[in-house]
Amino acid sequence: MRVLVVEDDDRVARGLLTALRHAGYEVHRVATAADALRAAPADVVLLDLGLPDGDGLDVLRELRHRPGTAVITVTARGEERERVLGLRAGADDYVVKPFGTSELLARIEAVLRRTRTHRAEPESDGPIQVGALQISTSTRAVTLDGEPLSLTRKEFDLLALLAARAGEVVSRDFIVDQVWQAHWEAPSRTLDTHIAALRGKVGGHVKIETVRGVGYRLAT
Ligand code: CA
């Protein structure tokens with residue numbers, strides 16, 4: 001498993017590298033947003049949001065288009081707004097400085113478990129097909145009327161979840177649990193935001209219905 005550490009503080013980075021290598025990860029470190037985007041793909045990116053050459057959130061948005069890469073944001077204590085923006089932009093989790101090594105390793109293991117679960121979804125009975133929508137859970141590719149659709153990681157997870165249960169009402173709690181496995185508060189609005197973004201992308205082809213007070217349903 002490969003971990004990319006994006007951290008401009010040498011002292012913090014050194015500690016992280018030592019701990020992660022000790023835990024058996026292959027670790028690579030960069031100190032700038034530009035290098036983070038140039039770095040080889042990683043299974044997990046530990047992303048400091050305060051970088052010298054740019055906004056870590058921009059890096060995050062860019063990384064979101066790379067399937068199979070989980071992102072954990074790293075922020076300083078008190079930067080609650082940054083953490084929330086990070087989660088909204090699709091971060092899988094966050095840690096707050098100063099954090100303990102065991103907490104960090106536990107969070108990395110948790111996001112990897114989720115990523116692997118998603119990847120390991122069986123596709124023996126082929127991709128999910130709902131009307132003009134086709135979703136491959138193994139390659140995480142989505143096409144609409146044969147045209148590739150660009151989704152963020154969370155949007156993909158959300159759409160795949162609804163499509164696998166097309167025609168059924170999927171409760172908000174279930175969605176939040178499956179897609180975010182959230183330990184953070186108030187994910188409700190985040191779910192609505194992602195639904196709105198998805199609706200914008202699937203347009204008139206696929207209808208995501210709101211079932212008031214319950215959840216959502218992908219119409220067949
Ligand atoms: Ca920093």
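For ligands, and for the atoms within them, numbers begin at 1 and follow the listed sequence. Owing to the predicted nature of the structure, the values given are computational and were not obtained by experimental measurement.
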- [ ] Could you walk me through whether S136 and T139 pass the side chain to side chain donor-acceptor pair (under 3.5 Å) test, one step at a time?
- [x] CA-CA 6 Å; S136 163; T139 62; 2.8 Å; yes
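Pairs engaging residues 194-220 under the ring-ring contact (aromatic ring centres under 6.0 Å, His included) rule: W180-H194 [sequence neighbours left out].
Each protein N/O/S atom under 3.0 Å from the Ca ion (ligand 1) was counted, for a total of 3.
Using a distance-only test at 3.5 Å, with no hydrogens or angles considered, no donor-acceptor pair links the side chain of D93 to the main chain of T73. Side-chain atoms of R29 come within 3.5 Å of backbone atoms of E7 as a donor-acceptor pair (strictly under, hydrogens ignored). For R199 (side chain) and I208 (main-chain N/O), a donor-acceptor pair under 3.5 Å exists by modelled atom type. The backbone N or O of A19 lies less than 3.5 Å from no partner atom in the side chain of T101, so there is not a single donor-acceptor pair.
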